[in-house]
Amino acid sequence: MAEPEAKRVKTEYELIYWPGIPGRGEVVRLLFEEAGVGYIDTAKAAKAAPTTLSYMAATNLGDDKNPPVFAPPILKHGELVINQLPNILLYLAPKLGLAPASGDAVYHLNAIALTILDGLCVEVHETHHPIATDKYYEDQKEEAKLRAKAFREQRLPRYLTYVQRLLDGEKSGEGGWLYGGELTYVDLVLFQCLDGTQYAFPKTVEKLRKEGKHDGVFKLYDAIKERPNIKAYLESDRRIDYADGIWRHYPELEEDEE
Ligand SMILES: N[C@@H](CCC(=O)N[C@@H](CS)C(=O)NCC(=O)O)C(=O)O
């Protein structure tokens, strides 16, 4: 759970992200919340959007210690400034006790995180923006319908089957976690990405849950939701509601043509 505001301002981790949407920044928040480590969240501060935009500005060339970043989420820790969500997770997870700091596990976990983010974050975004990220959804609705159908029918079951394979594999160990017999950050990546996908495609995810082919995946999702720090966070006003971000709900993208 994040520490009270007074304590938080003294902490050293700073997450720079857009206000008003959970987005990729939410995965970073979940790591801090699970670990009970305080963090500054610029999305909740005054001038949240201008702060993010200042990092992305064409005139921002970084500094003598850091190259410029392309897009949020961005993590500032002391003098270090880094972007790319999986890169931020790679950096933070061992420091927060959510992954080993060395060995094969570092690369196994990164591969799992990248795969889940490909499937349940990037591909979900592409269901409503299949042609151009910088164009409105309304300008690509027809293509979005086709893309969403393919996602619902092929890609989403394929990714969930892969996650179930991870759980069925020897390397996941005991306890129902994705890797190594204990909770790691990739379990939190899965939680957020499945939660967002469920918000976007509620009927589809409900149908897949009922099918019973991915029981381990849904059991893991439910278990994360009940972890004390995560539960308190989800019930707090720090958890941002879904809106027009990566995980959006357009009912028509779950409807099939007659
Ligand atoms: N691969 C990058 C993607 C970053 C990204 O697309 N960030 C979004 C917000 S979640 C953004 O603001 N992008 C602005 C842009 O692409 O111009 C990551 O994982 O961090």
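Just so you know, ligand 1 is whichever comes first in the structure, and atom 1 is the first atom listed for that ligand.
Closest to atom 13 (N) of ligand 1, if we only count protein heavy atoms, is Ala71 CB, 3.6 Å. Scanning the protein heavy atoms around atom 6 (O) of ligand 1, the nearest turns out to be Arg24 NH1, 3.3 Å. Distance from atom 12 (O) of ligand 1 to its nearest protein heavy atom, with residue and atom name: Trp18 NE1, 2.8 Å. The nearest heavy-atom contact from the protein to atom 18 (C) of ligand 1 is Gln84 OE1, 3.2 Å.
In this pair, Phe151 and Phe201 present their aromatic rings tilted. The plane angle is within the 30 to 60° band. Aromatic ring pairs are classed by plane angle as parallel below 30°, tilted from 30° to 60° and perpendicular above 60°; the pair Tyr179 and His108 is tilted.
If you look at Pro72 next to ligand 1, the close heavy atoms, those under 4.0 Å, come from the backbone and the side chain alike.
Taking all atoms of both residues into account, the shortest heavy-atom contact from Pro72 to Ile16 is CB-O, 3.7 Å.
Atom-to-atom distance recorded for Phe218:CZ and Glu206:CD is 8.5 Å, nearest 0.5 angstrom. For the atom pair NZ (Lys145) and CD (Glu252), the distance works out to 6.5 Å, reported to the nearest 0.5 Å.
Between His249 and Tyr242, the ring center distance fails the sub-6.0 Å criterion.
Residue Tyr17 has no nitrogen or oxygen atom sitting less than 3.5 Å from a nitrogen or oxygen atom of ligand 1, judged on distance alone.
Short contacts between ligand 1 and Pro73, defined as distances under 4.0 Å to a heavy atom of the residue, involve ligand atoms 20 (O). Each of the atoms 14 (C) of ligand 1 lies under 4.0 Å from some heavy atom of Met56. Near Phe70, meaning under 4.0 Å from one of its heavy atoms, ligand 1 places the atoms 16 (O). Near Pro86, meaning under 4.0 Å from one of its heavy atoms, ligand 1 places the atoms 19 (O).
Lys76 is listed as a side-chain neighbour of Tyr55, based on a closest heavy-atom distance under 4.5 Å.
Ligand 1 lies out of reach of Gly25, whose nearest heavy atom is not under 4.0 Å from it.
Evaluated for a side-chain contact (heavy atoms from CB on, under 4.5 Å) with Glu33, the options Lys231, Glu26, Arg238, Arg227 yield exactly one hit, Arg238.
Evaluated by nearest non-hydrogen atom to atom 20 (O) of ligand 1, the leading choice among Leu85, Val122, Asp118, Asn87 is Leu85.
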